[in-house]
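Beneath this line is the structure, given in structure tokens, with notes to follow.
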Amino acid sequence: MRAEAAPVASVTSVFVRLKLSLLRNGLRQSGGRRAAYIASVVVVLLFTALQLLGLIALRGHAHVDSLIVLLAAVLGLGWAVMPQFFPSGDETLDPTRLVMLPLRPRPLVRALLTASLVGIGPLFTLCMFAGSVVAVAHGGAAYAVGVVGAVLALLVCVTLARAVAAANVRLLTSRKGRDLAVLSGLVVAVGAQLVNFGAQRLGSSGLEQLDPVADVLRWVPPASAVGAMDAASDGSYGVAVAQLALTAAALVLLLRVWSRHLTRLMTTPDGSTLQGDTRPVRERDSAGLARLLPAGRTGTTMERTLRYVWRDPKTKAAWVTSLAIGLIVPVFNAWQGTGSVYFACFAAGMLGIQMYNQFGQDTSAFWMVAMTISSTRDAYVELRARALALLLITLPYATLVTVLTTAMLDDWRTLPEALGLSFALLGAMLATGAWTSARFPYSIPQEGYKNVAPGQVGLAWISIVGGMVGAALLCAPVIALTIWLNVREGGGGGWLLPVGAVYGAGLTLLGLRLAAPRTAGRLPEILTAVSKG
């Protein structure tokens, strides 16, 4: 008799189980990572619950339809750009790992799309669309249109993210893509601030300001799916069907684009498999930069750190984004007349973040640095040199932003206080950044778009957020002193500038001293963590 063939599992179910296994195995690696991941999930769920309650509370508001249309457009834009430039451990975003598998584009797209719906991001998006249905829909037909529209809008958002990821998966590893990656990061930073300032204006002017923009966006997917709910509630069923059809057409188009990019990735070799240019490369003279830096290990480490900032695409994108946001927030607020000189501290805060995960930016090359660290003194000199390299950029930049903000507000009396607070904040972030770099290191993959290796997302968030909270607590004395000076009748804070500078320098030195023995004692663990990607 002919033996019966074993049942073959569908590609979709295999990919869903694979994603669940990746998530489960990542949580099993250590208790700290498990706690960090659970904490991040709890924060997102709480934020989702608050947003959902807020949408439900807006039911019956005269202009709630315009708000949810704009919300859907912002969600779609966020899905398109945010996964490319912010930490993500979703392996389904990286199709290059599947190049050697005998998979056709159509079943692969279906499997990846289904697996992509498993996660906290799709749950958050679905809750936002569900809240939009409750806020706008009136009548059975509107609810039916809302359910279909919410599903279509979610699929459009997820497919858009995957199509963009497939088109740009090799962007950061290509030479031509470096400047585009930096520009994209800048666009994201500027766009986020424009949304922030738009929200501020809405708080003062009312939701009716959204009506002209919403009238246009309700015909742009995925916002068109949300606009269909409002049209059905008003009895305009023809308009609702047209908007749903437009959303469905956008979904089909995105699926085709995604499939085309997947086919190209599966069949086209990347630059690493092609024969390179064999002509001799002219060595660049580094004497100009090295001549300005201290001698010995300090100067060498500073030069290496600065070259990372200039040459490494991901490091460069992070710096450009931080520089842009650090300037935009205080200057835009000052330009609107609603800001304060103390908003200039945002520049010091954004640039201080670059001290976090110092060893992760070295990736697997950190083993060469680790080979030169044999004592606490070596670790201290290494960390101090990296902090000094950052100070070469952050100190003059924070000072420039503070002076510019002061000039725009014409509040020169507060300049010394703002500078002192900025310097103290910068010192606190350098201190906590050095400590978290040794305590919570994580890998930054060289290939693809991800900024953190799978399984380390929670670790990255607890490193950055925990370090920032610690920096704020360390700055509490200077903040309290600044508040006291402003509350006191006729108080002047000219002497707060040297106090803040000395306090920040002391915090930096203390943080480096505390981080050095931990760095020297945890070199194997750090090397393992940063080499994961």
Side-chain angles (χ1 to χ4, degrees), residues 15-55 75 78-79 82-94 112 114-131 154 157-158 161 165 353 355-360 429 432-433 435-445 448-474 515 518 522 525-526 528-533:
F15 271 69
V16 172
R17 291 199 304 269
L18 177 61
K19 183 168 184 179
L20 293 175
S21 298
L22 288 171
L23 177 60
R24 182 173 58 252
N25 294 336
L27 295 177
R28 286 177 176 175
Q29 292 185 8
S30 68
R33 292 177 182 175
R34 185 162 53 251
Y37 179 81
I38 293 175
S40 61
V41 169
V42 169
V43 171
V44 173
L45 290 178
L46 288 175
F47 180 76
T48 303
L50 292 175
Q51 294 295 315
L52 184 59
L53 291 175
L55 289 173
L75 285 173
W79 272 97
M82 298 291 275
Q84 318 306 318
F85 305 102
F86 289 87
S88 175
D90 190 354
E91 287 291 271
T92 62
L93 275 171
D94 192 356
L112 287 175
T114 305
S116 300
L117 293 174
V118 179
I120 192 66
L123 177 61
F124 169 78
T125 306
L126 182 61
C127 288
M128 293 299 97
F129 288 136
L154 175 63
C157 289
V158 176
I353 294 177
M355 186 64 186
Y356 293 85
N357 196 35
Q358 274 294 301
F359 306 126
M429 298 200 72
T432 56
W435 190 85
T436 56
S437 294
R439 181 62 183 84
F440 302 107
Y442 56 91
S443 176
I444 302 176
Y449 50 88
K450 296 189 293 291
N451 294 318
V452 59
Q456 295 184 333
V457 179
L459 192 66
W461 279 110
I462 198 171
S463 171
I464 297 174
V465 176
M468 294 174 65
V469 171
L473 293 176
L474 290 175
R518 184 172 291 272
R522 299 187 72 248
E525 292 86 350
I526 296 174
T528 301
V530 302
S531 302
K532 183 177 180 181

Residue list, side chain to side chain contact (heavy atoms under 4.5 Å, CB included) with [X], at least two apart or on another chain:
X: Phe47; value: Gln51, Phe124
X: Leu474; value: Ala428, Thr432, Leu507
X: Val41; value: Tyr37, Leu45, Ile120

Item to check | Ser463: side chain to side chain donor-acceptor pair (under 3.5 Å) partners, not counting sequence neighbours | outcome: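 Applying side chain to side chain donor-acceptor pair (under 3.5 Å) to Ser463 gives none.
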Checklist entry - Residues two or more places apart in sequence or in another chain: which of them pass side chain to side chain donor-acceptor pair (under 3.5 Å) with Thr125? => result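 Thr125 satisfies side chain to side chain donor-acceptor pair (under 3.5 Å) with Trp79 once adjacent residues are dropped.
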Please report the interatomic distance [atom1]([X]) to [atom2]([Y]), rounded to the nearest 0.5 Å.
X: Ile462; Y: Ile38; atom1: CD1; atom2: CD1; value: 11.0 Å
X: Tyr356; Y: Thr436; atom1: OH; atom2: OG1; value: 5.5 Å
X: Leu154; Y: Leu117; atom1: CG; atom2: CG; value: 5.5 Å

Provide the closest heavy-atom pair for [X] versus [Y] in the form atom of the first, atom of the second, distance.
X: Leu52; Y: Met128; result: N-CE, 3.9 Å
X: Met429; Y: Ile353; result: CE-CG1, 3.7 Å
X: Arg522; Y: Pro441; result: NH1-CD, 4.1 Å
X: Ser116; Y: Val158; result: CB-CG1, 3.6 Å

Item to check | ring pair (Phe, Tyr, Trp, His ring centres under 6.0 Å) against Phe359, all qualifying residues, sequence neighbours excluded | outcome: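 Here the qualifying residues are Phe366.
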Next on the checklist: For a 4.5 angstrom cut-off between non-hydrogen side-chain atoms, does Tyr442 reach Asn357?
Outcome noted: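 Yes, side chains in contact.
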Show me the side-chain donor-acceptor pairs of residues 465-472 shorter than 3.5 Å, one per line, residues at least two apart or across chains.
none

